[in-house]
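Nothing here was measured: the structure is a model prediction, and the numbers come from that model.
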Amino acid sequence: KKEFPYSVEISPTLKCNLNCLFCWRYGKKIENTDELTLEEYKKILKEASEMKVREIRVIGGGEPLFRNDTIEIMKEVKKYGMFGYVCTNGTLFNKKTVEELVKIGWDHIKISFHAPDKKTQDFLAGAKSYEKIVRNIRRFVFFKKKLKSEKPKLEIGLVLNKLNYKKVVEMVKLAKKMNVQSFFIEPLTIYTKKGEELKLKKKEAEEFKRIAEKAFKIANNLE
C-alpha cells in the first residue's frame, strides 16, 4: 500500500536575532538572500495538503519569526488543517501574533529557553532574551485561557551545557509555574570552539545523571 509523507519540515530563514554560544551560527553574520517567497511557501503547503501530509514543522537554521511573514506561513498551514509545529527562541512574538496563533489553533510551540535565571539565559543567548521569553509564554497562557483553548501546547527546550546542567531542576519547576506542558533537554552539538568549551566533562556528566533523575521525579509529581 502506498503511503503519503507524514511530515514536511520547512526552514523560512537562516537569520536570527540572537547569538547563542552553542549555535552553528555563533559569531557569523548570515545574509542569505535566496529565501523562498511567501507565495512559494503557499504553493508548497497546498501541494503538501494535496499529498495528505499531516504535519508541518517550521524550524530552520535561524529564528523562523525573524521573517515578517512567517505568521502568514503558519496561518496557511492551519488553513489546510495540518498539524503545526514551530521551534523558536520565543523572543519575537508580540501580543497580536500570540493572539492570532491561539485563534487559528496552532498546535505546538517549542521555545528554546536555556536557564531559569536572566543572567545565565542572556549570556548563553548572546543577547537580552530572558524577559522577552517569559513575557511571551505568559501571553500564550493568557490568550489560551481567554479564548478557552488548549492550543498551542507549550514546550521548553534546553540545550544542556556546563553553565546550566545544575539548573535543570529549577527549570522543571519554572516550566510548571508558567503552565508549560513539556520540558525537553537537548544534547549539545559541537559546532565551534565556544561549543567545545561548554561541553560537560566526564565528572560533570556523571553528576548530571543524578540531577536528571531528580528532575524526572519532580516532573512526574508536578503533572
Do the side chains of Y85 and I56 join up, straight or via other hydrophobic residues, at under 4.5 Å, putting them in one cluster? no
Do M82 and V8 come within less than 4.5 Å of each other through their side chains, counting heavy atoms only? no
Electrostatic pair R135-E131, nearest N-O below 4.0 angstrom: no
Does N220, at its CG atom, have more than 12 non-hydrogen atoms belonging to other residues, nucleotides or ligands within less than 6.0 Å? yes
Using 0.5 Å steps for rounding, measure from the CG atom of L21 to the CZ atom of F123. 5.0 Å
Kindly give the heavy-atom pair with the smallest separation between P187 and V159, and that separation in Å. O-CG1, 4.4 Å
Check the side chains of Y165 and E207 for a donor-acceptor pair under 3.5 angstrom, ignoring hydrogens and angles. yes
Give a yes or no on whether E150 atom CD has more than 12 heavy-atom contacts from other residues, nucleotides or ligands under 6.0 Å away. no
Please check this pair: side chain of R139 against backbone of V98, looking for a donor-acceptor N/O pair closer than 3.5 Å. no
To the nearest 0.5 Å, what is the distance between CD on E99 and CZ on F142? 8.5 Å
Taking K209 first and then E206, would you say they form a salt bridge - that is, a charged N and a carboxylate O separated by under 4.0 Å? yes
Just by modelled atom types, is the K132 backbone N or O under 3.5 Å from a matching donor or acceptor in the N136 side chain? yes
Do E63 and N17 pair up side chain to side chain, a donor and an acceptor below 3.5 Å, judged on atom types alone? no
Could you tell me whether the side chain of E170 and the main chain of K167 form a donor-acceptor pair under 3.5 Å? no
With a 4.5 Å cut-off on side-chain heavy-atom distances among I, L, V, M, F, W and Y, is there a chain of contacts connecting I218 to F183? yes
Find the distance between CD1 (I190) and CG (L198) and round it off to the nearest 0.5 Å. 8.0 Å
When you measure from the side chain of N19 to the backbone N and O of A127, does any donor-acceptor pair fall under 3.5 Å? no
Quick one, K144 and P152 - any side-chain contact, counting heavy atoms below 4.5 Å? yes
When you measure from the side chain of R25 to the backbone N and O of L14, does any donor-acceptor pair fall under 3.5 Å? yes
Side chain to side chain contact (heavy atoms under 4.5 Å, CB included) for F4 and R54? Distances and angles first, verdict last. CA-CA 9 Å; F4 292 101; R54 301 183 201 177; over 6 Å; no
With the side chain counted from C-beta on, respond yes when E35 and P12 share a heavy-atom pair under 4.5 Å apart, and no when they do not. no
Looking at side-chain heavy atoms only, is the closest gap between Y41 and V58 below 4.5 Å? no
Given the rule in the side chain to side chain contact (heavy atoms under 4.5 Å, CB included) test, do L154 and N179 qualify, once you have shown the distances and angles that lead to the verdict? CA-CA 8 Å; L154 300 174; N179 291 310; over 6 Å; no
Shared hydrophobic cluster, L163 / L160 (ILVMFWY, side-chain heavy atoms < 4.5 Å): no
Going by heavy atoms in the side chains, are I111 and T88 under 4.5 Å from each other? yes
Nearest heavy-atom approach of S182 to K153 is CB-CE, 3.8 Å
Would you say M171 and L124 are hydrophobically clustered, going by side-chain heavy atoms of ILVMFWY under 4.5 Å? no
Distance in Å, I156 CD1 paired with I185 CD1, rounded so as to fall on 0.5 Å steps: 11.5 Å
Are the side chain of D107 and the backbone N or O of G84 linked by a donor-acceptor pair below 3.5 Å? yes
Just say parallel, tilted or perpendicular for the rings of F93 and F140, cut-offs at 30° and 60°. perpendicular
Do E50 and K46 sit within salt-bridge range, that is, some charged N less than 4.0 Å from a carboxylate O? yes
Contact check, side chains of I73 and L45, non-hydrogen atoms, under 4.5 Å: yes
Under 3.5 Å donor-acceptor, N164 side chain and N161 backbone: yes
I'd like to know if the side chain of E40 and the backbone of T37 have a donor-acceptor N/O pair within less than 3.5 Å. yes
Where is the tightest heavy-atom contact between V102 and F143, given as atom of each residue plus distance? CG1-O, 3.8 Å
Report yes or no: does E55 contribute a side-chain atom to a donor-acceptor pair with the main-chain N or O of V53 at less than 3.5 Å? no
Taking K194 first and then E197, would you say they form a salt bridge - that is, a charged N and a carboxylate O separated by under 4.0 Å? yes
Would you find more than 12 non-hydrogen atoms of other residues, nucleotides or ligands less than 6.0 Å from Y80 atom OH? yes
OG on S149 to NZ on K103, rounded to 0.5 Å: 12.0 Å
Are side-chain heavy atoms of I211 and K166 found at a separation under 4.5 Å? yes
Ignoring hydrogens, what is the shortest heavy-atom contact between I133 and S112? Give both atom names and the distance. CD1-O, 3.8 Å
Quick one: CG on L101 to CD1 on I109, what's the gap to the nearest 0.5 Å? 5.5 Å
Least distance between heavy atoms, L18 atom then A125 atom: CB-O, 3.6 Å
Under the salt bridge (Lys or Arg N to Asp or Glu O under 4.0 Å) criterion, do K96 and E100 qualify, and how do the steps go? CA-CA 6 Å; K96 180 176 181 291; E100 285 179 328; 2.9 Å; yes
With a sphere of 6.0 Å drawn around NZ of K75, does it hold more than 12 non-hydrogen atoms of other residues, nucleotides or ligands? yes
Do F113 and L174 have side chains that approach each other closer than 4.5 Å (heavy atoms only, starting at C-beta)? yes
Hey, are R210 and E213 close enough for a salt bridge, meaning a charged N less than 4.0 Å from a carboxylate O? no
State, to 0.1 Å, how close I59 and P64 come at their nearest heavy-atom pair, and which atoms those are. O-CG, 3.1 Å
Run V172 and F216 through side chain to side chain contact (heavy atoms under 4.5 Å, CB included) and show every step you take. CA-CA 9 Å; V172 169; F216 184 71; over 6 Å; no
Return the orientation label for the H108 and F83 ring planes: parallel under 30°, perpendicular over 60°, tilted otherwise. tilted
Is there a chain of hydrophobic side chains (I, L, V, M, F, W, Y, each step under 4.5 Å between heavy atoms) that links M178 to V169? yes
With distance as the sole test, does W24 use its side chain to make a donor-acceptor pair with the main-chain N or O of T189 at under 3.5 Å? no
For atom NZ of K199, is the number of surrounding heavy atoms from other residues, nucleotides or ligands below 6.0 Å larger than 12? no
